[in-house]
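Following: one structure in structure tokens, then a few remarks.
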Amino acid sequence: QVQLVESGGGLVQAGDSLRLSCVASTRGFSSYRMGWFRQAPGKEREFVATINYSGATTYYADSVKGRFTISRDNAKNTVYLQMNSLKPEDTAVYYCAADDPRKTLTTYDYWGQGTQVTVSA
């Protein structure tokens, strides 16, 4: 079982920045597509950003485009989410996810426990 551990969440003010990290416990990390999702209380989980296995290709939700940056360091088995110009509507639990190409073809296969991000006005 692959484990993903997020860190870096916290309480910040609007306009501030945070950098989330997700460390994976697998030698196959460099072959996984990685993603960030978030879920606010009373709302469904939503997509935030994704990055391909090498880091060459990224994609963002419109709500965070231009403010958030996803990156990865395969030597450290880590994916990052740099969040700038944070808004109160960014408040949510942020989850890291991994898509193993040797498992399911249509869904992410592993999920972290989440890290809370709270942005005050």
Side-chain angles (χ1 to χ4, degrees):
Q1 178 69 33
V2 174
Q3 295 183 4
L4 305 175
V5 180
E6 303 99 332
S7 63
L11 174 62
V12 298
Q13 295 181 331
D16 206 348
S17 298
L18 278 176
R19 188 194 193 201
L20 306 183
S21 298
C22 171
V23 180
S25 62
T26 175
R27 295 181 180 273
F29 178 79
S30 62
S31 68
Y32 292 2
R33 169 171 287 276
M34 302 297 296
W36 285 98
F37 296 78
R38 66 187 183 186
Q39 186 169 23
K43 297 184 178 180
E44 295 188 4
R45 180 189 64 195
E46 65 174 341
F47 167 79
V48 175
T50 189
I51 187 168
N52 81 324
Y53 73 96
S54 70
T57 303
T58 59
Y59 184 77
Y60 301 91
D62 288 341
S63 60
V64 306
K65 190 175 300 182
R67 298 188 298 120
F68 291 11
T69 302
I70 187 172
S71 62
R72 68 191 297 161
D73 186 341
N74 286 345
K76 297 181 178 179
N77 281 13
T78 303
V79 63
Y80 305 95
L81 185 67
Q82 178 66 46
M83 305 184 294
N84 298 327
S85 302
L86 283 163
K87 306 174 181 179
E89 48 263 47
D90 294 319
T91 295
V93 176
Y94 283 71
Y95 296 93
C96 175
D99 181 15
D100 184 347
R102 296 190 176 188
K103 296 181 70 68
T104 66
L105 299 177
T106 58
T107 64
Y108 284 86
D109 302 293
Y110 306 106
W111 295 83
Q113 83 289 345
T115 184
Q116 177 71 49
V117 172
T118 302
V119 185
S120 65

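- Annotation: the span from Arg33 atom CZ to Asn52 atom CG amounts to 5.5 Å, rounded to 0.5 Å.
- Looking at Asp73 and Thr78, their side chains never bring a donor and an acceptor atom within 3.5 Å of each other.
- Rounded to the nearest 0.5 angstrom, Leu4 CG and Tyr108 OH are separated by 11.5 Å.
- Once rounded to the nearest 0.5 Å, the distance linking OH of Tyr53 with CG of Asp99 reads 14.0 Å.
- Relative ring orientation between Phe47 and Phe37 is described as perpendicular, the plane-to-plane angle rising above 60° on a 0-90° scale split at 30° and 60°.
- Distance OH/Tyr32 to OG1/Thr26: 3.5 Å, rounded to 0.5 Å.
- For Lys43, the NZ atom is loosely surrounded, since the number of other residues' heavy atoms within 6.0 Å does not exceed 12.
- Looking at every heavy atom in both residues, Ser85 comes nearest to Arg67 through O-NH1, 3.0 Å.
- Annotation: cation-pi geometry satisfied between Arg72 and Phe29 (NZ/CZ under 6.0 angstrom from ring centroid, within 45° of ring axis).
- Within 6.0 Å of CD on Gln13 lie no more than 12 heavy atoms contributed by other residues, nucleotides or ligands.
- Taking all atoms of both residues into account, the shortest heavy-atom contact from Ser17 to Gln82 is CB-NE2, 4.0 Å.
- Under 4.0 Å is where a charged nitrogen must lie from a carboxylate oxygen, and between Lys87 and Asp90 no such pair does.
- Annotation for Gln3: atom CD does not count as buried by contact number, only 12 or fewer foreign heavy atoms lying within 6.0 Å.
- Between Trp111 and Tyr95, the ring planes are perpendicular. Angles over 60° get that label, and only those under 30° would be called parallel.
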